[in-house]
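Comments concern the structure below.
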2 protein chains.
Amino acid sequence: MQLEPQYKELLNNALELSGQRATKQREHIYALLLQKRNHPTAEEVYVRAKEDMPTISLATVYNCLEALAETKLIRQVNFEREPTRYCPNLTKHAHFYCRESGEIVDVDLSDKLLDELMKVLPAGFTAKHIEISYDGACNDCHD
Amino acid sequence: MQLEPQYKELLNNALELSGQRATKQREHIYALLLQKRNHPTAEEVYVRAKEDMPTISLATVYNCLEALAETKLIRQVNFEREPTRYCPNLTKHAHFYCRESGEIVDVDLSDKLLDELMKVLPAGFTAKHIEISYDGACNDCHD
DNA sequence: AGCTATAATTAGAATAATTCCAAATATAAT
DNA sequence: ATTATATTTGGAATTATTCTAATTATAGCT
């Protein structure tokens, strides 16, 4: 698995900007998140990472995911008490979790809608983030 | 702590409807959630529950919270990897989490806004729930 | 290129929240 | 009252994640 030059550039800049170093492990993990965007858990990332980098440890996977989240190149996605999942989609979006198939799908959100969501906050409240999670049945799981 | 008659009625009906039995512990825990609506964790509920019911166990607290969530009289609230919190507010609302004070505030949501959120789903997707969580600084925590 | 300070990786231990288990008890229907 | 079944209980087990301390890698400097 190879990280395309423009993404390598993006990663190196982002790491530098957040005061962190570039490492093979971080690059590898970023590459595999980009390559298969199925919102894997840390454990799943670990399994995939070991294919090409057998000596990587689970602790490093956690460290790298944390480092990447710090750069804002990826984000953490949580559904109730389930293990955290990781998503390299940089656009503004929510997540739809299909309880049937377990699939997680990105749902694009317009600035207008996000703006409306900000406007319903009580006076004096300012939100840095909004997390929106749907759960139900996806396209494939309807009768 | 006493559960007001109308809430006791509500609880008993809801439990029966979901095929569960009425117990002192469930009643007690429902009462204390209603009495102080500060989105406590299971551990916090446990501490409060023991004041009036010293023999209650943590496992029972979890069981009761689960049972109440099943009736839909309370709901679980999750913020990232933090412990689950419990909320007896039955209206449609989101949660605002102030990272500074740790306070969690309910934010009412109009049917119209929820409707718009449903409309942005891809064709063929139907959501049973939407969870919306803000995080930032609350009224008291601004400079 | 080599040296050095500091950051990152590693394996394994530790932790925190939650769930499981099996015995004792309580509930509700007869 | 009796009985079937659900619930409670305390402790053990589990799961995801974080911590720790030793080793290794990175990047800036000469």
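The structure presented is a predicted model; accordingly, all values stated were derived computationally and were not measured.
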* Structure fact -> Min and max contacting nt of DNA chain C in 5' to 3' order, chain A heavy atoms within under 4.0 angstrom, are C/dT6 to C/dT18
* Salt-bridge present (B/D108, B/K92; N to O < 4.0 Å) -> no
* **Any donor-acceptor pair under 3.5 Å from B/R26 side chain to B/R21 backbone** => yes
* Expected output: side-chain B/R85 to main-chain B/N78 donor-acceptor under 3.5 Å -> no
* To do: List the protein contact pattern of nucleotides 7-20 of chain D with one symbol per nucleotide (5' to 3'): B for base contact, S for sugar-phosphate-only contact, - for none; contact means a heavy-atom distance under 4.0 Å.
  => SBBBB----SBBB-
* Closest heavy-atom contact between A/A137 and A/F96? -> O-CZ, 3.6 Å
* Structure fact -> Rounded to the nearest 0.5 Å, the CG atom of A/L114 sits from the NZ atom of A/K112 at a distance of 11.0 Å
* State, to 0.1 Å, how close B/I56 and B/K50 come at their nearest heavy-atom pair, and which atoms those are. => CG2-CG, 3.9 Å
* **Whole-Å gap separating C1' (D/dT5) and CD (B/E16)** => 15 Å
* Aromatic ring centroids of A/Y134 and A/Y97 under 6.0 Å? -> no
* **N/O donor-acceptor pair under 3.5 Å between A/Q20 side chain and A/A67 backbone** => yes
